[in-house]
Student: 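Next up is a structure, given as structure tokens.
What you see below is based on every heavy atom in this structure, not just the backbone, and it leaves out hydrogens, waters and symmetry mates.
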Amino acid sequence: MKTIDRDILRLAIPSIVQNVTVPLLGLVDLAIVGHIGDATYIGAIAVGSMIFNVMYWLLGFLRMGTSGLTAQAVGRNDQQGIHTMLSHSLTLGLLFGLMIVVLQIPLRGLSIWLMGPSEEIATLVRTYFNICIWGAPATLSLYALTGWFIGMQDTHTPMAVSILQNIINIACSLLFVYGLGMRIEGVALGTLVAQWSGLAMALWALERKGIQRPLSVGFSFKSKNKTDGFAPFLRVNRDIFLRTVCLVAVNLFFTAAGARQGDLILSVNTLLMTLFTLFSYVMDGFAFAGEAMGGKLYGARDVSGFQALVRRLFLWGAIMVVLFTATYALGGKPFLSLLTNHREVIEAATPYLPWALLIPLAGVAAFIYDGIFIGITATRGMLLSSVIATAVFFILHYTLSPSLHNHALWLALIVYLVLRGVIQAIWLRRKV
């Protein structure tokens with residue numbers, strides 16, 4: 001068990017560190033634009049970042065689908081399969097990136113129309129979008145490479161690339177804005193340079209592993225092994241994409257439903273959701289460990305090792321639930337005070353704090369099973385659990401919101417998280 005725990009932490013901790021760097025970068029970007037003009041710059045960065053976050057989140061299957069299939073090939077000691085997954089994922093990442101660049105004008109118009117910012121902010125968003133869009137091929141290719149590295153039981157390389165990428169982003173943004181006198185275009189250029197620099201660093205890491213031409217290591221629509229061909233790769237990614245659509249729908253609706261209840265409730269929900277975000281950063285690390293180790297053991301047909309891994313992941317999940325729940329219970333209100341000095345918002349958030357305290361317990365199984373299911377590419381089970389849980393979320397909200405108002409929204413979210421974990425547990429026991 002000590003060996004399993006050591007391997008889990010070896011994979012989880014770098015992923016957690018990588019996750020933590022993401023919000024820090026966003027804070028730096030906001031701090032930069034917050035000192036170069038009025039509030040419209042802050043609004044433009046918020047809207048522009050949201051557009052790209054949603055777009056790339058929907059294409060997150062490029063990472064998840066790659067990690068599970070690669071890990072299984074590692075477990076089988078299938079070198080050709082390992083190289084084929086790299087080729088498939090990079091090809092798909094480049095194709096989607098180029099497609100986004102080609103379709104940038106309609107994508108820009110649709111995104112701004114859906115977000116509905118003021119014309120002044122929309123003008124700045126267009127400037128930001130027109131620059132950052134050219135980083136799509138690099139970003140999506142890096143998604144593919146990150147998934148491949150995780151499948152290869154290597155989370156240190158993605159962590160190093162992410163940290164260096166963020167340092168480059170911050171340095172370039174500061175140079176362009178304060179050194180060269182640019183405004184929002186300077187922040188966008190900093191992001192663009194960092195995106196391509198991150199891809200270059202990942203490709204350099206590939207070369208260090210002895211792979212110099214990753215797109216030419218074997219590409220086929222079908223393969224002798226049922227998990228190596230491009231058709232199974234597309235099937236896995238299709239299921240993950242549809243599952244991600246469900247997750248995005250719930251998250252965007254949660255924000256929109258809060259906004260319809262007024263600015264105060266919107267602020268309350270936004271603050272409390274940071275507690276969910278912090279928990280997710282840590283649990284994603286254990287999910288990544290589940291992807292890498294679970295896929296490897298599944299590929300090696302090591303049933304006892306796989307079962308032991310699941311048990312240890314849930315043990316670590318239980319530890320995280322206790323730690324986060326205790327921390328939130330003892331320091332919830334003080335933490336909210338760090339995020340805002342508006343007493344009205346803090347007091348309004350107090351009745352909803354118990355819901356936020358339930359998030360670790362309600363969501364732990366969903367996080368762990370997501371990692372395991374990606375590792376063993378049981379993507380149909382992931383999709384089924386997300387579809388059912390999403391349907392129940394909307395049914396509960398619309399049924400209870402007339403009487404419970406914002407409490408109905410939080411109850412629906414908690415049930416949604418619980419259902420995902422429960423359905424996946426049933427699926428795993430029956431199918432695997």
Side-chain angles (χ1 to χ4, degrees), residues 1 4-27 53 57 60 63-64 67 146-147 149-150 153-163 166 244 247 250-251 254 270-295 309-332 334-336 338-339 353-375 382 413-414 416-418 420-421 424-425:
M1 290 303 177
I4 294 178
D5 289 335
R6 184 171 62 249
D7 289 341
I8 288 173
L9 293 178
R10 176 180 60 82
L11 293 166
I13 291 175
S15 298
I16 293 170
V17 173
Q18 179 185 355
N19 288 339
V20 170
T21 63
V22 176
L24 293 178
L25 176 62
L27 289 174
N53 287 343
W57 191 11
R63 186 202 66 75
M64 291 182 279
S67 64
T146 298
F149 281 123
I150 292 173
Q153 319 296 298
D154 176 11
T155 56
H156 287 82
T157 297
M159 177 191 70
V161 169
S162 179
I163 292 174
N166 288 335
T244 305
L247 268 61
V250 169
N251 280 271
F254 188 91
T270 301
L271 287 178
L272 290 177
M273 280 300 284
T274 59
L275 301 179
F276 175 76
T277 302
L278 291 173
F279 180 69
S280 71
Y281 289 152
V282 173
M283 289 312 303
D284 273 344
F286 289 99
F288 287 179
E291 292 178 29
M293 296 176 65
L309 170 66
V310 174
R311 289 194 296 269
R312 302 308 289 184
L313 283 172
F314 269 94
L315 175 61
W316 282 106
I319 293 172
M320 293 302 108
V321 167
V322 172
L323 288 176
F324 274 87
T325 302
T327 301
Y328 290 166
L330 296 174
F335 176 75
L336 296 180
L338 290 176
L339 298 177
L353 193 55
W355 293 115
L357 295 180
L358 288 175
I359 284 175
L361 180 61
V364 62
F367 279 105
I368 291 175
Y369 278 127
D370 277 352
I372 293 169
F373 273 50
I374 290 170
M382 288 179 65
L413 178 66
I414 295 300
Y416 160 81
L417 292 172
V418 171
R420 282 174 52 199
Q424 285 175 305

Student: Looking at every non-hydrogen atom in both residues, tell me the closest pair between Ala366 and Leu417 and how far apart they are.
Tutor: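 Closest approach of Ala366 to Leu417: CB-O, 3.9 Å.
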
Student: If you look at every heavy atom in Tyr328 and Phe279, which pair is closest and at what distance?
Tutor: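 Here Tyr328 and Phe279 meet closest at OH-N, 3.8 Å.
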
Student: Does any pair with a residue in residues 9-22 pass salt bridge (charged side-chain N to carboxylate O under 4.0 Å, His left out), and if so which ones, sequence neighbours excluded?
Tutor: Asp7-Arg10

Student: Between Phe288 and Phe367, is the ring centre distance below 6.0 Å?
Tutor: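 Here the rings of Phe367 and Phe288 have centres that are no less than 6.0 Å from each other.
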
Student: With sequence neighbours left out, what residues match Asp154 under side-chain contact (heavy atoms from CB on, under 4.5 Å)?
Tutor: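 Counting only residues at least two positions away or on another chain, Asp154 forms a side-chain contact (heavy atoms from CB on, under 4.5 Å) with Phe149, His156, Thr157, Pro158, Lys209.
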
Student: Taking all atoms of both residues into account, what is the closest heavy-atom pair of Ile8 and Ala289, and its distance?
Tutor: O-CB, 3.8 Å

Student: Are the side chains of Thr244 and Met64 in touch, meaning some heavy atoms are under 4.5 Å apart?
Tutor: yes

Student: With rounding to the nearest 0.5 angstrom, report the CE to CG distance, Met273 to Asn251.
Tutor: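 Met273 CE to Asn251 CG: 5.5 Å, rounded to 0.5 Å.
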
Student: So do Ile163 and Gln18 actually touch side chain to side chain, heavy atoms under 4.5 Å?
Tutor: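 No - every pair of side-chain heavy atoms lies 4.5 Å or more apart.
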
Student: Listed by chain and number, what are the side-chain contact (heavy atoms from CB on, under 4.5 Å) partners of Ser67, not counting sequence neighbours?
Tutor: Arg63, Ile150, Glu291, Ile374

Student: Check whether any side-chain heavy atom of Trp355 sits under 4.5 Å from a side-chain heavy atom of Leu413, and report yes or no.
Tutor: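 Sidechains of Leu413 and Trp355: no contact.
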
Student: Going by the rule side-chain hydrogen bond (donor to acceptor under 3.5 Å, both in side chains), which residues pair with Ser162 if we only count those two or more places apart in sequence or in a different chain?
Tutor: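 So Ser162 forms a side-chain hydrogen bond (donor to acceptor under 3.5 Å, both in side chains) with Thr21.
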
Student: For residues Ile4 and Arg312, report the shortest heavy-atom separation together with the two atoms involved.
Tutor: CG2-CG, 3.7 Å

Student: Should Leu275 and Leu353 be marked as a side-chain contact (heavy atoms from CB on, under 4.5 Å) after you check the CA-CA gap, both sets of side-chain angles, and the distance that decides it?
Tutor: CA-CA 10 Å; Leu275 301 179; Leu353 193 55; 4.1 Å; yes

Student: Looking at Gln153 and Leu11, what are the two nearest heavy atoms and their distance?
Tutor: O-CD2, 3.4 Å

Student: Quick check: closest heavy atoms across Pro360 and Val321, and the distance to 0.1 Å?
Tutor: O-CG2, 3.5 Å

Student: Given 3.5 Å as the limit, does a donor-acceptor pair link the side chain of Ser15 with the main chain of Gly285, or not?
Tutor: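 No; judged by distance alone, with no hydrogens or angles, the pair does not exist.
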
Student: If you round to the nearest 0.5 Å, how far is CZ of Phe276 from CZ of Phe254?
Tutor: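 The CZ atom of Phe254 sits 9.5 Å away from the CZ atom of Phe276.
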
Student: With sequence neighbours excluded, what pairs up with Thr277 under the side-chain contact (heavy atoms from CB on, under 4.5 Å) test?
Tutor: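 Ser280, Tyr281.
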
Student: For side-chain contact (heavy atoms from CB on, under 4.5 Å), just list the numbers for Trp316 and Leu9, CA-CA rounded to whole Å, side-chain angles, deciding distance to a tenth of an Å, and then say yes or no.
Tutor: CA-CA 10 Å; Trp316 282 106; Leu9 293 178; 3.8 Å; yes

Student: Could you tell me which residues satisfy side-chain contact (heavy atoms from CB on, under 4.5 Å) with Val282, sequence neighbours excluded, listed by chain and number?
Tutor: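 Residues passing side-chain contact (heavy atoms from CB on, under 4.5 Å) with Val282: Ile16, Phe286, Met320, Phe324.
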
